[in-house]
Amino acid sequence: MVRIALALIAFLFALPAAAADVGFARIAVPDPLGETLAGAVWYPTEAAAAPHALNGLWQDVAEGAPVAGWRLPLVIISHGSGGWYGGHLDTALALARAGFVVAAVTHKGDDYADQSHTVEIDRRPVQAEALIQFMLNAWPEHARIDPGRVGAFGFSAGGFTVLVLAGGVPDLSKVNAHAAAHPTWFDSGIVRAAPPAALARTLAVKDWPHDAHIKAIVVAAPALGYTFGKAGLADIRAPVQLWKAQDDQILAAPDYADAVRADLPRPPEFHVVEDAGHYDFLTPCDADLAKRVPEICVSRPGFDRAAFHRSFDAAVVRFFAATLK
């Protein structure tokens with residue numbers, strides 16, 4: 001009985017300390033590729049939150065408020081193609097409420113306003129690595145972060161990004177053959193539309209950045225899962241929580257999440273979301289956003305995205321709390 005009590009006490013002390021509310025600050029991250037990456041940080045604070053608009057969404061935050069706590073765990077977020085740093089807003093808020101510092105940038109050249117570099121997917125891990133280095137070394141409150149407790153969350157192309165940062169090495173020579181075998185698939189269209197020079201440069205990439213700070217990753221509907229194979233994922237040592245949408249029409253089974261699950265050196269914590277589509281991992285849309293971009297907001301009849309995200313966010317928080325303790 002005493003042993004159980006001591007174990008419980010140890011676990012509770014390992015959890016990040018939740019604060020009263022969520023602070024929020026915009027950031028500008030220098031990119032080694034020559035760009036400046038727009039982004040944001042969510043973090044625990046004792047200041048009172050209030051509703052604030054964020055690119056058409058609303059969040060209850062205390063803008064510019066002091067950070068609460070020390071030795072805080074950090075989670076970075078990498079969005080999918082055509083997205084932006086606020087595309088997983090509810091998940092960022094849930095993590096910050098649980099005591100995490102959460103940071104995200106908009107991947108320049110593969111965002112909602114500019115998709116001129118979408119095929120050059122090797123740019124993304126470089127940008128995500130720049131975000132980690134900024135948060136650990138240059139963010140004004142970087143001294144409050146524990147560099148030994150860093151995690152990463154990625155969706156779609158962002159899932160590919162965090163797999164690479166955690167040690168994955170893709171073989172992009174598989175891309176052309178895969179696109180030819182599946183000409184109607186979403187990513188095959190990206191390959192066909194790419195400028196030949198850009199595609200050739202991307203397929204020749206061999207040098208991928210990895211970051212030893214990353215101790216756990218959450219991967220949802222990963223793009224290009226088939227490009228890794230067992231050899232390409234062999235060096236991933238961090239625990240993985242892996243999510244698959246059962247009705248994913250963008251990255252269809254079995255070449256993406258299923259391929260990653262099969263090839264990871266250790267079994268991930270694996271979740272299949274019944275009746276969910278690819279974009280159901282994005283933050284729930286309000287009525288205005290649903291009118292403007294219905295293609296990312298409309299779910300399968302009967303699927304409640306808001307209800308799913310309550311359980312999804314709780315599972316993500318639980319996983320990072322357990323693995324970054």
Side-chain angles (χ1 to χ4, degrees), residues 27-40 75-88 103-138 150 152-176 178-179 186-214 217 219-228 232-233 236 250-251 256 260 282:
I27 54 175
V29 177
D31 182 356
L33 301 175
E35 306 283 357
T36 298
L37 305 173
V75 174
I76 67 150
I77 292 178
S78 179
H79 64 74
S81 289
W84 67 297
Y85 69 73
H88 301 278
V105 291
T106 297
H107 286 285
K108 193 75 173 178
D110 190 17
D111 61 66
Y112 69 97
D114 174 16
Q115 297 177 37
S116 59
H117 295 288
T118 295
V119 73
E120 298 169 60
I121 198 163
D122 58 293
R123 295 166 55 96
R124 290 172 140 272
V126 173
Q127 294 171 341
E129 170 63 5
L131 173 61
I132 293 175
Q133 294 305 317
F134 174 86
M135 292 302 299
L136 295 182
N137 299 297
V150 178
F153 171 102
F155 162 66
S156 196
F160 170 90
T161 300
V162 302
L163 284 167
V164 169
L165 281 186
V169 179
D171 178 2
L172 297 186
S173 69
K174 299 177 181 179
V175 168
N176 276 331
H178 188 270
F186 178 82
D187 50 0
S188 300
I190 293 175
V191 171
R192 284 196 308 275
L199 180 60
R201 188 203 66 80
T202 302
L203 299 186
V205 170
K206 303 296 181 189
D207 187 20
W208 296 91
H210 308 308
D211 194 314
H213 289 105
I214 293 179
I217 60 174
V219 180
L224 297 176
Y226 67 89
T227 64
F228 290 99
L233 296 178
I236 291 187
I250 301 298
L251 301 178
Y256 302 96
V260 171
L282 296 174

For Pro222 and Val260, which heavy atoms make the closest approach, and how far apart are they?
-> CG-CG2, 4.0 Å
Pro30: what forms a side-chain contact (heavy atoms from CB on, under 4.5 Å) with it, not counting sequence neighbours?
-> Phe134
With sequence neighbours left out, what residues match Asp111 under side-chain hydrogen bond (donor to acceptor under 3.5 Å, both in side chains)?
-> none
With Glu120, which residues qualify under salt bridge (charged side-chain N to carboxylate O under 4.0 Å, His left out), at least two apart?
-> Arg201
Where is the tightest heavy-atom contact between Leu251 and Ala221, given as atom of each residue plus distance?
-> CD1-O, 3.4 Å
Under the side-chain contact (heavy atoms from CB on, under 4.5 Å) test, residues paired with Val169 that sit two or more places apart | Trp208, His210
Do any pairs count as a side chain to side chain donor-acceptor pair (under 3.5 Å) and have a residue in residues 167-176, sequence neighbours left out, and if so which ones?
-> Asp171-Ser173
side-chain hydrogen bond (donor to acceptor under 3.5 Å, both in side chains) filter on Asn137, not counting sequence neighbours, yields Gln133
Atom pair CG/CG of Leu37 and Asp31 - distance to nearest 0.5 Å | 4.0 Å
What's the verdict on ring pair (Phe, Tyr, Trp, His ring centres under 6.0 Å) for Tyr226 and His178, showing C-alpha distance, side-chain angles and the deciding distance?
-> CA-CA 9 Å; Tyr226 67 89; His178 188 270; 3.7 Å; yes
Residues two or more places apart in sequence or in another chain: which of them pass side-chain contact (heavy atoms from CB on, under 4.5 Å) with Ala152?
-> Ile76, Val162, Ile214, Ile217
Which atom names give the shortest non-hydrogen contact between Val191 and Val175, and what distance separates them?
-> CG2-CG1, 3.6 Å
With sequence neighbours left out, what residues match His88 under ring-ring contact (aromatic ring centres under 6.0 Å, His included)?
-> Phe153, Phe155
Closest non-hydrogen atom pair, Gly39 against Tyr85 = CA-CD2, 3.6 Å
4.5 Å side-chain heavy-atom contact, Pro170 and Phe228 = yes
Minimal non-hydrogen separation, Val119 against Ala198, with atom names | CG1-CB, 4.0 Å
Salt bridge (Lys or Arg N to Asp or Glu O under 4.0 Å) contacts in which one or both residues fall within residues 123-132, not counting sequence neighbours = Asp110-Arg124
Any side-chain heavy atom of Ile236 sitting closer than 4.5 Å to one from Leu163?
-> yes
Do Asp122 and Val126 come within less than 4.5 Å of each other through their side chains, counting heavy atoms only?
-> no
Any Ile121 side-chain heavy atom under 4.5 Å of Leu224 side chain = yes
Sequence neighbours excluded - salt bridge (Lys or Arg N to Asp or Glu O under 4.0 Å) pairs with any residue from residues 76-88 | none
Set of side-chain hydrogen bond (donor to acceptor under 3.5 Å, both in side chains) partners for Thr36, sequence neighbours left out = none
Could you state the interatomic distance from CD (Glu35) to CG (Asp114), rounded to the nearest 0.5 Å?
-> 8.0 Å
Between Gly83 and Thr106, what is the shortest heavy-atom contact and its length?
-> O-CG2, 4.2 Å
Heavy-atom check, side chain of Ser78 versus side chain of His107, under 4.5 Å | yes
Is any side-chain heavy atom of Ile27 less than 4.5 Å from a side-chain heavy atom of Leu131?
-> yes
What residues form a side-chain hydrogen bond (donor to acceptor under 3.5 Å, both in side chains) with Tyr256, not counting sequence neighbours?
-> Asp187
